[in-house]
Protein chains: 2
Amino acid sequence: MTIGDLARAAEVGVETVRFYERQGLIEKPPRLESGYRIYSAEAVDRVRFIRRAKKLGFVLKEIKELLALRLAPGTTCDRIKKRAESKIEDIDFRIRGLQDMKVALEALTDACVGRGSVGDCPILDALEKRESP
Amino acid sequence: MTIGDLARAAEVGVETVRFYERQGLIEKPPRLESGYRIYSAEAVDRVRFIRRAKKLGFVLKEIKELLALRLAPGTTCDRIKKRAESKIEDIDFRIRGLQDMKVALEALTDACVGRGSVGDCPILDALEKRESP
DNA sequence: CTTGACTCTGGACTGTGGTACGGACTTTAA
DNA sequence: TTAAAGTCCGTACCACAGTCCAGAGTCAAG
């Protein structure tokens, strides 16, 4: 498929695909004699993954690291495993943080029921007072 | 406390505090006759919250909305509740996405044990193939 | 009362993640 | 076979989130 097909399938702009290529997030694809890029179906998965990860709050550098977690020649399984484990830790940290935030927001909606008034800034109350150094 | 004290306490730069003020993320503080900004201890909580939320992947615009979820004069409890509920949905979406990603990474570390080789890109295998439209 | 650390404003600069543009070339569908 | 749509490259531009001056004024310790 051409770059336009890929862009449509992955729901990004053509320019974005070329941008990701420049940034090393997707492989340089083979070209037609005309110079047109030709992509396989996998490229769609890859770009969709980037899109998805972005929505979850990862920056391109992190996404690149996630995509690099594969068994490429020259990389040992052990090395990959270690990197994957550190990513899992990072993700756990985020999940916990989001869960705290959710609890605080739930407390806020609860406080909004039945009573007419809540504290000045319940989110700060719920989250910040108990932050560990 | 002065802006420097605040910045140290919240672990950001002085310029960043002024930047957040310009962006409306923190209130304009009272000033000394000299023009120096004077902050209360709450300001530290607020800036630390911003820092924390940023690490979790929120952008400043979203953080501003989160910080706005308070009972200010002129805002009804009902309105706040609705906004908080939509934020909770958003957070749930992120948590689920991160959990999927974690499962995929765990599959990767598992695959790395005992066997010398895994598929070409396990993360994509685990995440992308089952994406709903 | 001076010296050094701090703060003020305004504007310039940086890096990230794209988006748009222009002019040339290629493909496809009528 | 030609017109429309697509692609190429390079460059310029944009918003976001800071970061870093310069030059002037302020504060606090010695």
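To find a chain, count down the sequence lines: A is the first, B the second, and so on, and within it residues start at 1. All values reported here derive from a predicted model rather than from experimental measurement.
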Please compare E15(B) and Q23(B) by the position of their nearest nucleotide in DNA chain D and report the one closer to 5'.
Q23(B)
Looking only at atom types and distance, does a side-chain atom of R46(A) sit under 3.5 Å from a main-chain N or O of L25(A), one as donor and one as acceptor?
yes
Side chain of R51(B), backbone of E11(B): donor and acceptor closer than 3.5 Å?
yes
Output yes when at least one side-chain N/O atom of R37(A) is less than 4.0 Å from OP1 or OP2 of dC9(D), else no.
yes
Short question: side chain of K64(A), backbone of Q23(A) - any donor-acceptor pair under 3.5 Å?
yes
D5(A) side-chain N/O to T2(A) backbone N/O, donor-acceptor pair under 3.5 Å:
yes
What's R8(A) touching, base or sugar-phosphate or nothing? Going by heavy atoms closer than 4.0 Å.
nothing
Please state whether the phosphate of dG17(C), meaning OP1 or OP2, lies under 4.0 angstrom from any side-chain nitrogen or oxygen of Y20(A).
no
Within the sub-3.5 Å range, which N or O atoms of nucleotides 25-28 of chain C have a protein N or O partner, and how far apart are they?
unit_1  : atom_1 : unit_2 : atom_2 : d
dT26(C) : O4'    : Y36(A) : OH     : 3.4
dT26(C) : O2     : Y36(A) : OH     : 3.4
dT27(C) : OP1    : S34(A) : OG     : 3.1

Heavy atoms under 4.0 Å, any strand shown: does G13(A) hit a base, just sugar-phosphate, or nothing?
nothing
Check every strand shown and say whether R18(B) touches a base, only sugar-phosphate, or nothing at a heavy-atom separation below 4.0 Å.
base
note: L6(A), atom CG; dG6(D), atom P; distance rounded to Å ~ 15 Å
Answer yes or no: is there a donor N or O on one side and an acceptor on the other, between the side chain of R48(A) and the main chain of A9(A), under 3.5 Å?
yes
Of K54(A) and V14(B), whose closest DNA chain C nucleotide lies nearer the 5' terminus?
V14(B)
Quick note, T16(B) side chain, CB onward, closest among dG17(C), dG18(D), dC8(D) is dG18(D)
Just the rounded figure in Å: distance from C1' of dT16(C) to NZ of K61(A).
12 Å
Between T2(A) and dG6(D), is there a contact of a side-chain N or O with OP1 or OP2 at under 4.0 Å?
no
Has R94(B) got a side-chain atom pairing as donor or acceptor with G57(B)'s backbone, closer than 3.5 angstrom?
yes
